[in-house]
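First up is the structure itself, then whatever we jot down about it.
First the proteins, then the strands, lettered A, B, ... as listed; each starts at 1.
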Amino acid sequence: MTHGPPRAARRRRLRRTFYDRDAVEVAPELLGKLLVLDHEHGRLAARLVEVEAYRGADDPGSHAFRGRTARNATMFSRPGLLYVYFTYGMHWCANAVCGPGTTPHAVLLRAACPVEGLDVMRERRPTASRELDLLRGPANLARAFGLDRAHDGADLTRGVLGIADDGFAPGDISVTRRVGLAPGKGDDLALRFAVAGDPHVSRRG
DNA sequence: CAGAAGATCTGC
DNA sequence: CAGATCTTCTGC
């Protein structure tokens, strides 16, 4: 997989209908897409190489498993929004809310290949010695993009934050079990999707 | 109201 | 492989 921006490629922002489906359908289609964020100093862009699908009442690994709470309210609101949550006392993680409708599905953005704004990413990720590690892992990706509580509920279909299709087609996709779930909490479900062999993926499947 | 767990990361 | 670090949720 080559990650450089295709010359003169048009970036088309993904619309609400893209997200308005089961997360298991949406997740693999997000691979190869560009996460884009315009900020005060310029633009950040990265190609998604690893994601995980989280469902609702039928998925014990999902924050939506036991219904709506203050934290997960964004998952129940509308497809195409960004659901950002805080965990382990220090990390933020970002998801694209899916559907269909108000079905509380989401796709966790786990890893990406840096494309634009690498200087800003390096400043925010001083412990990343290699460029490969800048966006490797969901909390690292969120940190490099500066995502936190302020971005929970942001609309990916308009505004400064979005996910775009520039015509890039990823290679083979590997499907494995999700990462970091306790036994019995849906750890056995094969809902993690990654670009096979891509070095930016957070870990081996 | 207290206790425990948590969709993680880093350094030893 | 364990510690960091604190919010959120659950049970009493």
Practice item. Tell me which residues in residues 84-98 of chain A put a heavy atom below 4.0 Å from DNA chain C, sorted by number, or none. Key: A:F86, A:Y88, A:G89, A:M90
Exercise for review: Would you mind telling me which of B:dT8, C:dC9, B:dG6 lies closest to the side-chain atoms of A:T69?
Suggested key: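 Nearest nucleotide to the side chain: C:dC9.
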Practice item. Step through it carefully: locate the ring centre of A:H63, locate the ring centre of A:Y54, and say whether they are under 6.0 Å apart. Key: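 Ring centroids of A:H63 and A:Y54 are no less than 6.0 Å from each other.
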Under 4.0 angstrom, heavy atoms only, what part of the nucleic acid is [X] near: base, sugar-phosphate, or nothing?
{"X": "A:R71", "result": "sugar-phosphate"}
{"X": "A:R143", "result": "nothing"}
{"X": "A:G61", "result": "base"}

**Study point:** Pairs satisfying salt bridge (Lys or Arg N to Asp or Glu O under 4.0 Å), at least one member in residues 69-84 of chain A, at least two apart
**Key:**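 For residues 69-84 of chain A, and leaving out neighbouring residues, there are no salt bridge (Lys or Arg N to Asp or Glu O under 4.0 Å) pairs at all.
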Check your understanding: So, A:T176 versus A:R192: side-chain donor-acceptor pair below 3.5 Å or not?
Key ->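 Side-chain D/A pair, A:T176 to A:R192: present.
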Point to revise | Residues A:R110 and A:S202: side-chain donor-acceptor under 3.5 angstrom | key: yes
Exercise for review: Classify the angle between the aromatic ring planes of A:W92 and A:F86 as parallel (below 30°), tilted (30 to 60°) or perpendicular (above 60°).
Suggested key: tilted
Check your understanding: Starting at CZ of A:R177 and ending at P of B:dA7, how long is that distance when rounded to a whole Å?
Key -> 17 Å
Review point. Quick one: A:N72 CG to C:dT7 P, roughly how many Å, whole number?
Key: 18 Å
Revision key, fill the gap. When both distances are under 3.5 Å in a Watson-Crick or G-U wobble arrangement, the nucleotide paired with C:dT5 is none
Review point. Do any side-chain nitrogens or oxygens of A:R125 fall under 4.0 Å of OP1 or OP2 in B:dT10?
Key: yes
